[in-house]
**Student:** 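Take this structure, written in structure tokens, and hold onto it; I'll ask about it next.
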Amino acid sequence: MKQDAFESGISYHIYNRGNNKENIFKEEKNYAYFLLLLEKYLLPIADVYAYCLMKNHFHFVLKIKDAEILEEKFRKKPHLAFSNMFNAYTKSINKAYKRSGSLFQEHIKRKRIENEEYLKQLVAYVHLNPVKHGFVDNFRLYLHSSYQAYTKEDQTIVKKDYIIELFDNMENFEYF
């Protein structure tokens, strides 16, 4: 399946899973490390609207920043930031757990987000994903998604103000 090329100024649903459906998060500390890498590699090129990390797969909803904001090396090739992040994570997992080879299925999957209604649906879908896969009964309690970043005043990597504004307010966001 041919993937859309990443373009500046465009929002995407990004997802992938472990090779052969293998777990990509082996223990709790792996989730935190993955988010640190996301912050290091992706925040310079993208605004993150939502994420959910599950044992064998992940979802991001994000927007590639406008070209004039991007470092020169990422203007034409924003995909390099993703490659750097996933390579760094794979190397750390391979070293820590004495494994070799690819951790993730081939290429990250991505779907272009064409309108705000679809963006709203995706944010909800990503936050509800742990329930869909049976990790929790209540998505609000799942620790490895961005949902709790929306409900707390703490500093976060998530650009929640933009999303809350799409829903008009926090009450509508939670209801949706």
**Student:** Residues in side-chain hydrogen bond (donor to acceptor under 3.5 Å, both in side chains) with Asn87, at least two apart?
**Tutor:** Ser83
**Student:** Does the pair His57 and Asn129 meet the rule for a side chain to side chain donor-acceptor pair (under 3.5 Å), with working shown?
**Tutor:** CA-CA 10 Å; His57 71 287; Asn129 215 256; 3.1 Å; yes
**Student:** Test of understanding: clusters of I, L, V, M, F, W, Y form through side-chain heavy atoms closer than 4.5 Å, transitively. Do Val48 and Ile69 belong to the same one?
**Tutor:** no
**Student:** Just checking Asn169: does its CG atom have more than 12 heavy atoms from other residues, nucleotides or ligands closer to it than 6.0 angstrom?
**Tutor:** yes
**Student:** Show every donor-acceptor pair shorter than 3.5 Å between a side-chain atom in residues 34-41 and any protein atom, with sequence neighbours excluded, or say none if there are none.
**Tutor:**
none

**Student:** With Arg112 as the cation and Tyr12 as the aromatic partner, state whether NZ or CZ is under 6.0 Å from the six-membered ring centre and within 45° of the axis.
**Tutor:** no
**Student:** Can you tell me how far apart CD1 (Ile164) and CD (Glu174) are? Round to the nearest 0.5 Å.
**Tutor:** 8.5 Å
**Student:** Keeping to residues at least two apart or across chains, list the salt bridge (charged side-chain N to carboxylate O under 4.0 Å, His left out) pairs with something in residues 58-70.
**Tutor:** none
**Student:** Determine yes or no for a side-chain-to-main-chain donor-acceptor pair under 3.5 angstrom, with Tyr89 supplying the side chain and Ile24 the backbone.
**Tutor:** yes
**Student:** Looking at residues at least two apart in the chain, or sitting in another chain, which of them share a side-chain hydrogen bond (donor to acceptor under 3.5 Å, both in side chains) with Tyr97?
**Tutor:** Glu27, Asn30
**Student:** Judged by atom type as modelled, is there a donor-acceptor pair below 3.5 Å linking the side chain of Lys160 to the main-chain atoms of Ala149?
**Tutor:** yes
**Student:** Applying salt bridge (charged side-chain N to carboxylate O under 4.0 Å, His left out), which residue pairs with at least one partner in residues 119-130 are found, sequence neighbours left out?
**Tutor:** Glu117-Lys120
**Student:** Can you measure from CG (Asn16) to CG (Asn56) and round to the nearest 0.5 angstrom?
**Tutor:** 10.5 Å
**Student:** Answer yes if Leu143 and Val123 sit in the same cluster of Ile, Leu, Val, Met, Phe, Trp and Tyr residues linked by side chain heavy atoms under 4.5 Å apart, and no otherwise.
**Tutor:** no
**Student:** How about Tyr15 and Phe60: are their ring centroids closer than 6.0 Å?
**Tutor:** no
**Student:** Going only through I, L, V, M, F, W and Y residues with side-chain contacts under 4.5 Å, is there a path from Phe25 to Leu141?
**Tutor:** no
**Student:** Mind checking what makes side-chain hydrogen bond (donor to acceptor under 3.5 Å, both in side chains) contact with Glu22, not counting sequence neighbours?
**Tutor:** Lys26, Arg99
**Student:** Within the side chain of Thr90, is there an N or O that forms a donor-acceptor pair under 3.5 Å with the backbone of Ser102?
**Tutor:** no
**Student:** Applying a strict under-4.5 Å side-chain criterion to I, L, V, M, F, W and Y, I'd like to know whether Phe82 and Leu80 cluster together.
**Tutor:** yes
**Student:** Do side-chain atoms of Gln148 reach the backbone of Arg140 as a donor and acceptor pair under 3.5 angstrom?
**Tutor:** yes
**Student:** What class does the angle between the rings of Tyr150 and Phe173 fall in, given that below 30° is parallel, 30 to 60° is tilted and above 60° is perpendicular?
**Tutor:** parallel
**Student:** How about Phe58 and His144: are their ring centres within less than 6.0 Å of each other?
**Tutor:** no
